[in-house]
**Student:** 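This is the structure I have questions about; it appears just below.
A, B, ... follow the sequence lines: proteins, then strands. Residue 1 opens every chain.
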Amino acid sequence: MSSTAQAVHYEEHHQSFFERWFMSTNHKDIGTLYLSFSFLMLFVGGSFAMLIRAELFEPGMQLMQPYFFNELTSMHGLVMIFGVIMPSFVGLANWMIPMQIGAPDMALPRLNNLSFWILPFAFVLLLSTFFMPGGAPAAGWTMYPPLVLQGGESIAFMIFAIHLMGISSILGSINIIATILNLRAPGLDLLKMPMFCWSWLITSFLVIAVMPVLAGAVTMMLFDRYFGTNFFNAAAGGDPVMYQHVFWFFGHPEVYIMILPAFGIISEIVPTFSRKPLFGYKAMVYAIACIAFLSFIVWSHHMFTVGMPLGAEVFFMYSTMLIAVPTGVKIFNWVTTMWKGSLSFEVPMLWAIAFIVLFSIGGFSGVMMALVPADFQYNQTYFIVAHFHYVLVGGALFSILGAVYYWLPKWSGHMYSNFWSKLHFWSSAISVNVLFFPQHFLGLAGMPRRIPDYNVAFADWNMVSSIGGFWFGVTQLVFLGVVIHTVFFSKAKATSRVWEHAYGLEWTLPSPAPHHSFTVPPVVDDSQLAHGDVSH
Amino acid sequence: MSGYSNLPEGAMTMSSSNCKRRIVGAGAAFGSLLVSMAAAANPVPWQMNLDKGVTTVSHQIWDLHMAALWVCVALGVVVFGAMFIAIIRFRRSKGAVAETWSHNTLLEIGWTVVPVLILIGLATPATILTREMYNATASQMTVKVTGYQWLWRYDYISYDGKPVTKVPTIYSRLAWDSNTARQLDSGVSPYTVKAPDGSNDYLLNVTHPLVIPAGVKVRFLITGGDVIHGWWVPDFAAKRDAIPGIMNDTWAKVDKPGIYRGQCYVLCGQDHSAMPVVVKVLPRDQFNAWLAEQQNAAALDKAARTAQVEPQKPAPAKG
Amino acid sequence: MLPRDERMDEKAKSQTDAAMDAQMRRKAGARRTAWIIAALALAFFIASLVQGHLAHIPH
């Protein structure tokens, strides 16, 4: 089996703690940094959510002033999107892409280091706004003017933080594209690449295209606020709706940036535990490309009630409905991969199955929302909140958790506790539904979003949702325990292959993977690849 | 008015041991639950579905919503059903041996084309309804709605082809009892805030509602005075962003008199949750009487004021 | 750049060395790719600022 050439021996010089963690040029360590950072941010953003659900537990105001509630909801969104989901996926990309393509590291290792270290700095800036006069940004993560311009000193910090996070993402994506296009081991053609790599290749192009557009939107906001321009000031000839167009031109591809890597992960996990090749590999690649392309022409579905001309409304309705088609193809292909396979239900597979169910539920509410007349009743209600939490928590977050459970043995060399990891799964899977499913009902009953207080008719489902929220939040502490135990204390050793039917170059390495792997490109044996068979 | 729902007996019990039947059964029970709850007007506790509302448009939206929902339920049953069957039948622990096939072009084409056809089936009525919702022509009344932080302002512009004059502007703020109860540590429970008919209208009551006649197509011109707000009455399915510098419009023709409540739906700052929309729909003759009364009141008010003190001369400009 | 041990003599490159050469070429290619993509990102940024002028802003 050993297709790995002998590594060139060079001095494994001892790095100090500071050198290793602050000046790293190693994709594995940088991957660990990203994942650790995003895990910390999960608890930060999660604590905001716990406060939100605590205030929403009953009608009336019990814990905070309404303005602070707006700060919490805005920061919850910013932290979860830019501090948890995106860095997690980048961390997984860092760890796995070089190993999956037989490269020694990312193409630009020092740029990689910068990309990571920008983030803690950016988040210190952003989170410090809570302690400023005027408080944190409170106009929603979407930051619409004119409302956002009523904020205090936090605006400048928020904009600066967003610029920094954008730069970090752009640099990371440049690195990923350069790595995948140039550093694949000889013989690893693009159409033999793992799905995770394909998903990140395409996601990177989305990032390159739209993070600069977000930068443009917040730059115009900065100028309106501090330098006397009137981009979004109607009284002086500007247009508040233009902000929405520019923002959502970023915003819609952004949500696909947050889900395409998840699709890649599920396409890695399901075939392994079905003991069957991924069904329709080429179709899956084309579907991701299709989704990415379509994601650029649907943005105004976030703005259906803004007063767009009829033609535009209808165009965006059609394009939005269309994007459901390639997405559906992916779901069908995963289920067909499982069909007539030989299934086992180790922890990663549990997360993948939950993803398929929960993401689909989010997708269904998405199709409903695509219909303009219906969306007029759903827009800016809890129906939307339910939709995006299903796809982002049940979808993206669950895929990240599944990926960690899938690859942690490779990273750490240890197996985790079966009991605690399964407890984490079942507790999360059930509580996430208690938390978010009732929000569909609240939205349909007419409860708007971003409100700290509501009429008593909405009290019952809000209480149920809050209970689910507390339960889900506490459950993630179990995950913290599992990870710490596995990395530092577990004695159960992991093999190279780890999972019986896992295919791919990463599984040819020992567990834990050596600090420097594939220093000489491996000789690629098609039978060892998940998609080495070119006929599909 | 605030009815409590009765869950159909056994709506959530699963007596069958067969997974797929269970899924279908749950789906049907759930669906019937939704349908049974559609009749209420203002939100009720444990409400699970959209209201049908009181306009033709709101009814048509409800129909479209239910059609889309049923399509999604059916798709869910098929997809999740297949997956759960696979989970039960093709287990390694039961000795299942995996097949090796991994593609089928015909199948891929099939499940690309069929969803497109289903979507066209939904998009067609949706397009027609959207056009209808955008068509505010032939309105018999025009009201201007302006969103401010944190209240609504209503101005009557025209009625029955004639401009409306002498009717005072309505400033519609959150009512005093809700405003007291909602303060942090107020000690007043939201459950005590009640409308005259006994229903709870906490955060849904105002000082002065908008009053419109029944059976009349009313065009709402909607704009914002400071930041973006959103004007929405769910029972009318009338909803539009209120944007400073832009005049949006929507319309509603409400046949059933009554009081209809909605909320601001675009985040507009601190008291976004406290600027409800309340529309009182009066039978036409009662509305005409009300309007006449408003115009008389304005005249009396004006007469009363000018009879008092001579208007002060403006102070000379300084400097 | 990986440190290289001195060659023993002028005989044909070993398979390891050939692989390293190829890798170095790939890294150079990677840097070129990176600059191209960075230019693309910058173009999107400028375009988003310029579009406000091109889009009709009502007065």
Side-chain angles (χ1 to χ4, degrees), chain A residues 59-61 65-67 140 144 146-147 234-235 240-241 275-277 279-280 283 305-307 310 313-314 317-318 321 325 328-329 331-332 335 338-344 357 360 364 367-368 371-374 376-377 380 441 444-446 448 450-458 460 536, chain B residues 43-50 61 64-65 68 72 79-80 82-83 86 90-92 96-99 102-103 108 111-112 115-116 119 122-123 126-127 129-130 133-134 182 184 190-191 200 202-204 227-228 234 237 239-241 243-245 248 263 265-273:
Chain A
M61 298 300 288
Q65 295 293 353
Y67 190 77
Y144 284 2
L147 179 66
V241 177
R275 290 171 183 71
K276 193 156 152 284
F279 187 80
T305 57
V306 92
L310 178 62
E313 292 270 309
V314 167
M317 171 165 73
Y318 296 156
M321 293 174 82
V325 176
V329 165
I331 304 277
F332 302 145
V335 173
M338 294 168 70
W339 190 264
K340 295 211 172 155
S342 177
L343 303 174
S344 61
V357 174
S360 296
F364 290 143
V367 168
M368 293 168 73
L371 299 168
V372 168
F376 268 64
Q377 298 285 55
Q380 299 305 302
F441 307 146
L444 293 179
R450 294 167 163 168
I451 57 175
D453 193 6
Y454 48 78
N455 179 271
V456 306
F458 301 126
D460 307 285
H536 68 276
Chain B
V44 298
W46 298 112
Q47 182 167 340
M48 290 171 78
N49 197 11
L50 203 55
I61 288 178
L64 181 64
H65 154 78
C72 292
V79 173
F80 301 157
M83 191 171 76
F90 304 117
R91 308 179 85 110
R92 184 167 184 277
V97 174
E99 303 270 353
S102 62
H103 72 303
E108 302 274 12
W111 62 44
T112 305
V116 169
L119 290 173
L122 286 172
T127 306
L129 186 51
T130 307
M133 289 165 71
Y134 264 67
R182 77 183 181 98
L184 192 59
Y191 288 90
N200 182 287
Y202 174 64
L203 292 184
L204 293 178
V227 299
I228 302 177
K239 186 183 212 169
R240 211 49 125 249
D241 287 11
I243 304 169
N248 273 333
Q263 292 181 260
Y265 68 89
V266 177
L267 179 65
C268 56
Q270 165 184 317
D271 286 338
H272 164 57
S273 61

**Student:** Using non-hydrogen atoms only, which part of A/Val456 is less than 4.5 Å away from chain B: side chain, backbone, both, or neither?
**Tutor:** both
**Student:** Between A/Pro59 and chain B, which part of the residue has a heavy atom less than 4.5 Å away: side chain, backbone, both or neither?
**Tutor:** both
**Student:** Look at A/Val372, A/Val329, A/Val241 and state which one has the largest set of heavy-atom pairs under 4.5 Å with chain B.
**Tutor:** A/Val329
**Student:** Determine, stepwise, if the pair B/Gln263 / A/Asn455 fulfils side-chain contact (heavy atoms from CB on, under 4.5 Å).
**Tutor:** CA-CA 10 Å; B/Gln263 292 181 260; A/Asn455 179 271; 6.0 Å; no
**Student:** Who passes salt bridge (charged side-chain N to carboxylate O under 4.0 Å, His left out) against A/Arg275, sequence neighbours left out?
**Tutor:** A/Glu500
**Student:** Apply side-chain contact (heavy atoms from CB on, under 4.5 Å) to residues B/Gln47 and A/Leu444 and explain how you reach the verdict.
**Tutor:** CA-CA 8 Å; B/Gln47 182 167 340; A/Leu444 293 179; over 6 Å; no
**Student:** Name the region of A/Val335, side chain, backbone, both or neither, that has any atom closer than 4.5 Å to a heavy atom of chain B.
**Tutor:** side chain
**Student:** Side chain, backbone, both or neither: which part of B/Met133 has a heavy atom under 4.5 Å from chain A?
**Tutor:** side chain
**Student:** Looking at A/Tyr318, A/Tyr67, A/Phe279, which has the largest count of heavy-atom pairs under 4.5 Å with chain B?
**Tutor:** A/Phe279
**Student:** Minimum heavy-atom separation for A/Ala445 to B/Pro43, with atom names?
**Tutor:** O-CB, 3.7 Å
**Student:** Under a 4.5 Å heavy-atom cut-off, does chain B meet the side chain of A/Val314, its backbone, both or neither?
**Tutor:** side chain
**Student:** Distance check, rounded to the nearest 0.5 Å: A/Asp453 atom CG versus B/Leu203 atom CG?
**Tutor:** 4.5 Å
**Student:** Please answer whether the main-chain N or O of A/Phe376 pairs with a side-chain N or O of B/Lys239 as donor and acceptor at a distance below 3.5 Å.
**Tutor:** yes
**Student:** Taking the side chain as C-beta and beyond, is there a heavy-atom pair between A/Pro373 and B/Thr130 under 4.5 Å?
**Tutor:** yes
**Student:** Do you know the tightest heavy-atom contact between B/Ile61 and A/Ala374?
**Tutor:** CG2-CA, 4.0 Å
**Student:** At a heavy-atom separation under 4.5 Å, does A/Phe458 approach chain B through its side chain, its backbone, both, or neither?
**Tutor:** side chain
**Student:** Can you tell me which of B/Ala98, B/Gly245, B/Pro234, B/Ala68 forms the most heavy-atom pairs within a distance under 4.5 Å of chain A?
**Tutor:** B/Ala98
**Student:** So which of B/Thr112, B/Val116, B/Thr127 has the biggest tally of heavy-atom pairs under 4.5 Å with chain A?
**Tutor:** B/Thr127
**Student:** Go through A/Leu371, A/Ile331, A/Val367 and name the one with the most non-hydrogen pairs under 4.5 angstrom from chain B.
**Tutor:** A/Leu371
**Student:** Identify the heavy atoms of A/Pro66 and B/Arg182 that sit nearest to each other, and give their distance.
**Tutor:** CG-NH1, 4.5 Å
**Student:** Is it the backbone or the side chain of B/Tyr265 that comes under 4.5 Å from a heavy atom of chain A, or both, or neither?
**Tutor:** both
**Student:** Once side chain to side chain donor-acceptor pair (under 3.5 Å) is applied, do any residues pair with B/Asn248, and if so which ones, sequence neighbours excluded?
**Tutor:** none
**Student:** Given heavy-atom pairs under 4.5 angstrom as the criterion, report whether the side chain, backbone, both or neither of A/Tyr454 touches chain B.
**Tutor:** backbone
**Student:** Could you look at A/Met317 and say if it's the side chain, the backbone, both or neither that has a heavy atom under 4.5 Å from chain B?
**Tutor:** side chain
**Student:** On a heavy-atom basis, which atom in B/Ala96 and which in A/Ser342 lie closest, and how many Å separate them?
**Tutor:** O-OG, 2.8 Å
**Student:** If you define the side chain from C-beta out and look only at heavy atoms, does anything of B/Pro244 sit under 4.5 Å from A/Pro146?
**Tutor:** yes
**Student:** Let me confirm one number: the CH2-CD distance from A/Trp339 to B/Glu99, rounded to the nearest 0.5 Å.
**Tutor:** 11.5 Å
**Student:** Measuring heavy-atom distances to chain B, does A/Leu310 have an atom under 4.5 Å in its side chain, in its backbone, in both, or in neither?
**Tutor:** both
**Student:** If you count heavy-atom pairs under 4.5 Å between each of A/Gln380, A/Met61, A/Lys276 and chain B, which one has the most?
**Tutor:** A/Lys276
**Student:** So for A/Gln377, is it side chain, backbone, both, or neither that comes closer than 4.5 Å to the heavy atoms of chain B?
**Tutor:** both
**Student:** Supply the atom-to-atom distance A/Leu343 CG to B/Arg92 CZ, rounded to the nearest 0.5 angstrom.
**Tutor:** 11.0 Å
**Student:** Heavy-atom distance under 4.5 Å to chain A: side chain of B/Ile243, backbone, both or neither?
**Tutor:** side chain
